Each structure stands twice: as C-alpha cells, then as structure tokens.
Number of protein chains: 2
Amino acid sequence: MPATTPETVQRFVEAWGAMGSLWGINRSVARVHALLMATEEALALEEIAERLQISKGNASMSLRELRTFGVVRQVEVPGDRRDFYVTEPDVWLMFFRILKERKRREFDPALEAIHALVDAPGATGAVRGRLEQMADLLTTIEGVVNRFLQDPQSSRSALAFIAGMPFGRKQNGKG
Amino acid sequence: MPATTPETVQRFVEAWGAMGSLWGINRSVARVHALLMATEEALALEEIAERLQISKGNASMSLRELRTFGVVRQVEVPGDRRDFYVTEPDVWLMFFRILKERKRREFDPALEAIHALVDAPGATGAVRGRLEQMADLLTTIEGVVNRFLQDPQSSRSALAFIAGMPFGRKQNGKG
DNA sequence: GCGAACGTTCTAAATATTCTGAACGCACGA
DNA sequence: TCGTGCGTTCAGAATATTTAGAACGTTCGC
C-alpha cells in the first residue's frame, strides 16, 4: 500500500500527465513517472499498467523512455523474477535530462540556422535588426540552459534569486 | 520585393517553423510569423498563403492566432481594400506573449494541483519530500517567468549574466 | 526439456491534430 | 441593387501521434 492515499496519488498522476505536453513528453510517460514519484516502494510493470489503466506494452515503452532520460531506475527484489521500478530521488535531475534532450533535438538546429542566416549577406535594414535581436535572444537562452545543464546547483540558486527579487514578484493567486 | 533574398527567407521560415513545436505553436503559425519577421514591407493574406504554399483559410487562422498573441498587427494600405500584416518590432515582446499564454494555459493549473497535493494530508516520508522538492522547483520557475513577464528588461540582463558566467560556458559547436 | 511467468516489440486501431477548400457574409463600386 | 473581391469559418480529408494487444523470446522452476 502506498504511503499516500490512492486518491491523492491519482490526482497527482493526472495533473502531471496533463502538464507533460508542456515539456513535450507524452501523457502515458508522464503518468508513469508521476505514479513512481508518488509511490514509496518499487512497482512492477504489471502493477503500473493496472493502476494507470494502460496496456503492458505501453507501460513497458514508457518505462524505457523514462530510463533513457535517467529518471527511473530498475531495482531487483530478491525472490521475485519481475522487474521493479523506482524514480530517481533528485527531481531536478529529471528536469535537466529532459530539458537537455529537447534542447538538443529541437532548439540547437534552429539556433544554428538562424546564426547562419544572420551571418549570410542579404538581410538588411529592419529585417536584419529583428533577426539579430532574435539570434541574440536565442543565444542568451542557450547560454542559460547550458549553464543550467552543467551546474544545476548554482544555476538553481541564481534562478531562485531572480525569482525572489522584490520587484514584480507576484504572489500566486491560489488560496 | 523583400529586402532579403527569397532563398534566405525561405530557409529562415523553415527553421522557425520546425522550432515552433518547442514552444507549442503549430508549424503553419510559426511559418507565417517567420515570413513576416523576414519581410520588410506589409504582406496581404493571399501573398502569405502563396509564398508559404498554404491555403487562404489556414493563413487566415494562423494570422488570427498571431494577432491574439499580439505579435502581428494589421495595417491599412490606402487605396487597397485588402488587409496587410506586419510583425511587431520587438522580438522579445513576441516571446513573452507566447510564454505568458502557455504558462496560463498549461503550467498554472498543474502548479496549483501540486500545491494542493503537498498541502493535503496523506503524503509522507520520501514521497512527501519529492513532492515538496518538485513544487519548489516549479515555484521557482514560475517566479522567474513572472519576473520575466513583468520586467523583461532587467530579467533579460539577469539571464544574460547567468548565461555569460565564466563557469561551464560552452562555445557553440557550429562553424 | 517443458511450461509458465514475464518483458519487449511490432502492427494495426484509435485518437488527436492540422490542413484544405468550399460556402458564406460583408463591403464596396458601379 | 447587383456583382466582385476579400476574409473567415467550418466540415471533413489528410496526417501524425498514441495506444492496445497479439506474437515472440527469455528465464526460471520443476
């Protein structure tokens, strides 16, 4: 039995699954991850599939993707032939891994194309200005992300600092 | 005639269109936006559709979405009944608007759900710790984004600072 | 070696998203 | 008032993504 109430877990699983699209992972994968996050003990593939009402095949593929991201780990349970899964304890790690992968697949090619474009002759006037500004923005973002990926600890502090600066800090409307 | 070569524009349009999925806008919308970004003068709907090889209907809907985001503006051309479109000059603005919209639609509900979950009794031990850590991460991100949305100028500087910090700054592999 | 338990892979079905193109309404000039 | 040019909307076609479930290979206990 999980340390949290099934109802609570359920709610979290759905919320996380819904947010998955924000960072580009599919609903099943996000839900499997959420379930493991919210569960104290290791879970077997079949139990995951049952609890989430998804097929074993889907669960298997989702777990593989999560392992690829390095956010889920297989553990052995003595005397049990089945594979059990747990989430890695560091939530930040998960976030970084996924971020890194998306950056590599989607962001980097675009940044490169834009750089090439700005470098190439042809763009002039206002257009050139806009393009340069955009390349500049993307480069800054790339820098922050790289920094984040290489030194999560200090970058996290830096971000927390920005987040907490007095100016413009808006309290969340909830509650 | 555009100030840039058609070839150059074309290349940019495709790169931008491909990256669209990263921030969750569809390919057509991103391509229309890119075309306007890369074009000096205002364009009529039909020309946009022709140049991008998409239907007028699609172009119309894409332009509407871009206007909703506030990144594209309609302009009048005296003596011409058609609507012409130009991009807003501030690239950052565009970025913020889209960011804001996605945050509102996808992030905020999830953050709220997780907060509610951590507040609720039920989560204990390691699970509770993980959940708190996650809520903490999301709250930090929310803070940075809010800050960004409210004061682009200073936030941009702060990010540029983080990006440029000597540690771990990796040169782009291109070239 | 045989059969059962288990995980993985793959095909095809289900679903979601995006796009086209026809229908429509509006505004304008004749 | 009619006809033309224009933009928008929407139903359904095209496409992409996600999922189920059957088929298969492996391991282990007997």
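Proteins come first, then strands; the chains are lettered A, B, ... in the order of their sequence lines, and each starts at number 1. Here the structure is a predicted model, which means the values were calculated and not measured.
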Measure the distance from [atom1] on [X] to [atom2] on [N] and round it to the nearest whole Å.
X: B/I54; N: C/dG21; atom1: CD1; atom2: P; answer: 12 Å
X: B/R27; N: C/dA16; atom1: CZ; atom2: C1'; answer: 18 Å
X: B/L45; N: D/dT9; atom1: CG; atom2: P; answer: 12 Å
X: A/R81; N: C/dG3; atom1: CZ; atom2: P; answer: 16 Å
X: A/M61; N: C/dT8; atom1: CE; atom2: P; answer: 11 Å
X: A/Q74; N: C/dT8; atom1: CD; atom2: C1'; answer: 12 Å
X: B/K56; N: D/dC10; atom1: NZ; atom2: C1'; answer: 15 Å
X: A/N26; N: D/dA16; atom1: CG; atom2: P; answer: 18 Å

Counting the atoms with a prime plus P, OP1 and OP2 as sugar-phosphate, which does [X] contact under 4.0 Å by heavy atoms, base, sugar-phosphate, or nothing?
X: B/R31; result: nothing
X: A/Q53; result: sugar-phosphate
X: B/R82; result: sugar-phosphate

**Asked** Taking the six-membered ring for Trp, is the centroid-to-centroid distance between A/W23 and B/W23 below 6.0 Å?
**Response**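 No: the rings miss the under 6.0 Å criterion.
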**Proximal nucleotide (of D/dT19, C/dT8, D/dG7) relative to the A/S28 side chain** =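 Nearest to the side chain of A/S28 among the choices is D/dT19.
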Between [N] and [X], is there an OP1 or OP2 to side-chain N/O distance shorter than 4.0 Å?
X: B/N58; N: C/dG21; value: no
X: A/R64; N: C/dG7; value: no
X: A/R67; N: C/dT8; value: yes

**Request:** Please check if any side-chain donor atom of A/D151 sits under 3.5 Å from a side-chain acceptor atom of A/S154, or the reverse.
**Result:**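 Side-chain D/A pair, A/D151 to A/S154: present.
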**Item:** Donor on one side chain, acceptor on other, B/S62 and B/R31, under 3.5 Å
**Value:**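 Absent: no donor and acceptor within the cut-off.
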**Message:** Can you tell me if A/K100 has over 12 outside heavy atoms packed within less than 6.0 Å of its NZ?
**Reply:**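 Incorrect, the count does not exceed 12.
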**Request:** Measure the shortest side-chain to side-chain distance between B/V9 and B/L35 over non-hydrogen atoms and say whether it is less than 4.5 angstrom.
**Result:**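 In short, these two side chains touch, coming nearer than 4.5 Å.
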